[in-house]
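Take a look at the structure set out below.
These numbers were taken from a predicted model, which means no experiment stands behind them.
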Amino acid sequence: MHSYYLVQILESLGYKKIPLNKSGLGTEVLFKKNKVVRIGVDDRYDTFAKFVISQLQSSKHYPKIYRHVSFIGKAGLPGISDEFTYTELELLDELTELEASQYKTWIDTNLQDIWLGKVVASDPYGLLDETYQLANLAKNNGYLPDFSQAKNVMKRNGTFVHIDPFA
């Protein structure tokens, strides 16, 4: 099955596309009530989703993933050969402009030390342990971290949540 058709099926079931999703090229994001469906071709997101699931989703700073299937069909319109992933997860809230600015200042100030495994003095968002975990996962897989973009962090009832940490 092509992802194009899967999106059509989901829309017929009442899911709505998020028109300006910030998940990058080749990614469709739809939602219905409190559930999001993310369809994409990003192998780094696949690694992230599998990691979150392997942690038994024990951290409040990771999204609740209800279902994740790796590379199940062809992405986009017929004729495109990239395979895609399918992920069902909780609907989260975007950071406000002020929160995004403050988060970006904090992460940009500390990213090099986090990447090097050095101790960081402040943790205003409670994300530090998870950020170290994700930095190590990125290094182990040859990925670059993408923590500096506030779009890769959302929130659940005021708690900051990593949602797409790799470039």
Measuring from atom CG of Leu92 to atom CG of Asn157, what distance do you get when rounded to the nearest 0.5 angstrom? 9.5 Å
If we ignore hydrogens and angles and just use 3.5 Å, is the side chain of Arg38 paired with the main-chain N or O of Tyr86 as donor and acceptor? no
Leu128 CG to Gln133 CD distance, which is reported to the nearest 0.5 Å: 10.5 Å
Kindly indicate, with the supporting measurements, whether the criterion side-chain contact (heavy atoms from CB on, under 4.5 Å) is fulfilled by Phe147 and Tyr103. CA-CA 10 Å; Phe147 304 130; Tyr103 167 79; 3.8 Å; yes
Starting from the C-alpha separation in whole Å, work towards a yes-or-no answer on side-chain contact (heavy atoms from CB on, under 4.5 Å) for Leu10 and Lys32. CA-CA 9 Å; Leu10 290 167; Lys32 181 179 176 182; over 6 Å; no
Yes or no on side chain to side chain donor-acceptor pair (under 3.5 Å) for Thr47 and Tyr143, after CA distance, side-chain angles and deciding distance? CA-CA 10 Å; Thr47 300; Tyr143 302 153; 2.8 Å; yes
Report yes or no: do Leu134 and Ile65 belong to one cluster of Ile/Leu/Val/Met/Phe/Trp/Tyr joined by side chain heavy-atom distances under 4.5 Å? yes
For the residue pair His162 and Tyr62, categorise the inter-ring angle as parallel (less than 30°), tilted (30 to 60°) or perpendicular (more than 60°). tilted
Hydrophobic clusters here meaning ILVMFWY residues chained together by side-chain heavy-atom distances under 4.5 Å, can you tell me if Leu137 and Leu144 are in one? no
For the NZ atom on Lys139, are there more than 12 heavy atoms of other groups (residues, nucleotides or ligands in this structure) within a distance under 6.0 Å? yes
Are Ile53 and Tyr45 co-members of a hydrophobic cluster defined by side-chain heavy atoms under 4.5 Å apart? yes
Give a yes or no on whether the ring-centroid distance for Phe51 and Phe48 is below 6.0 angstrom. no
Examine the side chains of Asp108 and Ser148 and answer whether a donor and an acceptor come within less than 3.5 Å of each other. yes
Could you tell me if His61 and Asp129 have a donor-acceptor pair between their side chains, going purely by distance under 3.5 Å? no
Looking only at side-chain N and O atoms, does Glu99 offer a donor or acceptor that is under 3.5 Å from a partner on Thr96? yes
Hphob cluster co-occupancy, Ile114 + Leu116, side-chain heavy atoms under 4.5 angstrom: no
How long is the span from the CG atom in Leu95 to the NZ atom in Lys151, to the nearest 0.5 Å? 13.0 Å
Go through it in stages, so that I can follow the logic: the residues are Phe166 and Asn152, the test is side-chain contact (heavy atoms from CB on, under 4.5 Å), and I'd like the CA-CA distance, side-chain angles, deciding distance and then a yes or no. CA-CA 9 Å; Phe166 307 131; Asn152 293 328; over 6 Å; no
Test: Glu88 and Lys35 ion pair at under 4.0 Å: yes
Apply side-chain contact (heavy atoms from CB on, under 4.5 Å) to Thr87 and Leu89, showing your working. CA-CA 6 Å; Thr87 309; Leu89 60 153; 3.7 Å; yes
Heavy-atom nearest pair, Val161 first then Lys60, reads CG2-O, 3.7 Å
Rounding to 0.5 Å, atoms CG (Asn34) and NZ (Lys64) come to a distance of 10.5 Å
Can you tell me how the ring of Phe160 sits relative to the ring of Tyr125, calling it parallel under 30°, perpendicular over 60° and tilted otherwise? parallel
